[in-house]
Amino acid sequence: MNVSTQRKRVLSGMRSTGKLHLGNYVGALQNWVRMQDQYECFYFIADWHALTTDYADTSKVKQNSVDVLLDWLAAGLDPARCTMFIQSHVPQHAELHLLFSMITPLGWLERVPTYKEQRENIAEKDLSTYGFLGYPVLQAADILIYKGDLVPVGEDQVAHVELTREIARRFNQFYGKTALILPEPQALLTPAAKLPGTDGRKMSKSYGNTIMLTDPEPVVRQKLKTMVTDPARIRRSDPGNPDVCPVGDLHKIFSSPETMARVNVGCRSAGIGCIECKSWAADALVQVLNPMRQRRKKYEDNPRLAWDILEAGSAAASNVADATMAEVRGAMGMSLEYEPPRPSEGVN
Ligand code: SF4
């Protein structure tokens, strides 16, 4: 495990939604892999967060968490260079969440943009629960319990980090009179490349348009074949535009500059057909996914190895979380230590 205290500490989590797709890779995981050498990284699988929207059936939560871990390891996260764990295996998060829930005004939570948005978008589930409203408070606990310096986020998540900062500030105002207890983290904006699914919409499991990190090569190639293209290319002789084509977006992320140049020229002049162009995109994807499959195999063959990584990760995370909770409890006058009565106490 990484024990450096020199590097800034990064905190980030991913919901335990099961196997990951290319959108998860490009949107977060790829960046996490890069960061593990630059920062002291704590990455957690947010199984409690998954419950905030999927609480009715919890039968798959544990397996989903393991599947996420396997994809993390496949993508190149390395237990020797970062700490990986399952959120619920470090229950100190829940204690801090509880304490934060005492000081967080309801209005702060109701105005979080994703709260209203998701309640409207996920109409098939009843999200009028305490847990769903309070999930940004849990998120604040996830970050502040490790005194994270940086939280990598996309634009849409900046409001959550801001709320975490507000909660830290409020906590420090109440209880940090003599020393700063919870430093405010900074958002580390990570530009997310546009990664469309096979139907051209945002890649998402709920749209059924994903390319999974676990997809074998023939499946990847087949999915690419059915991918939508620039609608202007009705006939082979019609010129197209890679900038408005989902396959073009894939090329921009995964293909070499040489291939990209051939796509640009060939598509715009109708010099290449979409079938050929898609096969080049498939080649580029396979080059990224095949090494992942090789790395994953070691853990698929011996699942205990993956679980050992989680156990070691939660032990390391617990050490840090325990130290913070001792400070938090002390600052709130609730330490676990015996304290003799003060002289003035007990005098009638
Ligand atoms: S040639 Fe490639 S980039 Fe152009 S429309 Fe066809 S698939 Fe898209």
Side-chain angles (χ1 to χ4, degrees), residues 14 17-34 67 71-72 74-76 121 152-157 189-296:
M14 213 180 262
T17 49
K19 292 178 178 174
L20 303 178
H21 55 69
L22 267 183
N24 304 125
Y25 178 68
V26 170
L29 194 47
Q30 192 178 25
N31 189 40
W32 287 14
V33 174
R34 286 191 209 113
D67 285 340
D71 277 337
W72 283 6
N121 288 348
V153 284
E155 288 278 2
D156 55 334
Q157 291 282 314
L189 259 184
T190 44
K194 186 178 158 203
L195 188 96
T198 50
D199 61 358
R201 292 185 291 174
K202 185 180 176 197
M203 189 176 285
S204 162
K205 274 188 190 171
S206 51
Y207 294 152
N209 64 0
T210 56
I211 296 168
M212 306 303 290
L213 301 188
T214 38
D215 279 345
E217 183 171 337
V219 174
V220 174
R221 292 194 180 278
Q222 185 53 37
K223 284 184 176 176
L224 259 287
K225 275 185 192 152
T226 63
M227 193 153 180
V228 298
T229 59
D230 177 358
R233 293 208 73 182
I234 298 163
R235 288 175 298 269
R236 168 70 174 76
S237 53
D238 293 329
N241 178 359
D243 291 335
V244 297
C245 173
V247 180
D249 289 328
L250 282 187
H251 277 297
K252 282 176 198 152
I253 299 169
F254 295 106
S255 291
S256 65
E258 295 74 31
T259 304
M260 195 64 240
R262 283 158 69 203
V263 171
N264 263 320
V265 173
C267 178
R268 291 172 205 279
S269 63
I272 57 168
C274 290
I275 294 172
E276 190 178 10
C277 180
K278 287 173 167 185
S279 75
W280 296 344
D283 291 343
L285 283 190
V286 162
Q287 271 192 25
V288 173
L289 295 178
N290 275 350
M292 287 193 198
R293 198 167 15 263
Q294 282 156 19
R295 277 194 291 265
R296 187 187 296 104

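On a predicted model such as this, the values are computed, not experimentally measured, just so you know. Counting starts at 1 for both ligands and their atoms, following the listed order.
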Query raised in the report: Is there a donor-acceptor contact under 3.5 Å from the side chain of D199 to the main chain of V228?
Result: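 Such a contact is absent between D199 side chain and V228 backbone.
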
Query - Sidechain N-carboxylate O distance under 4.0 Å for R221, E217 - result: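 Salt bridge: yes.
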
Query raised in the report: Per the salt bridge (Lys or Arg N to Asp or Glu O under 4.0 Å) rule, which among R295, R293, R296 passes with D71?
Result: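 Running salt bridge (Lys or Arg N to Asp or Glu O under 4.0 Å) over R295, R293, R296 with D71 returns exactly one hit, R296.
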
Query raised in the report: Counting no waters, how many protein N/O/S atoms sit under 2.8 Å from atom 6 (Fe) of ligand 1?
Result: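 Count of protein N, O, S atoms less than 2.8 Å from atom 6 (Fe) of ligand 1: 1.
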
Query - Candidate list P239, C267, C277, test side chain to side chain contact (heavy atoms under 4.5 Å, CB included), partner R233, passing option - result: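 Testing R233 for a side chain to side chain contact (heavy atoms under 4.5 Å, CB included) against P239, C267, C277 leaves exactly one candidate, C267.
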
Query raised in the report: In Å, rounded to the nearest 0.5 Å, how long is the span from CG of L22 to CG of L285?
Result: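 Rounded to the nearest 0.5 Å, the CG-CG separation comes out at 5.5 Å.
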
Requested in this report: Evaluate the side-chain proximity of D283 to V286: yes if any heavy-atom separation is below 4.5 Å, no if none is.
Outcome: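 The answer is no; the side chains never approach within 4.5 Å.
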
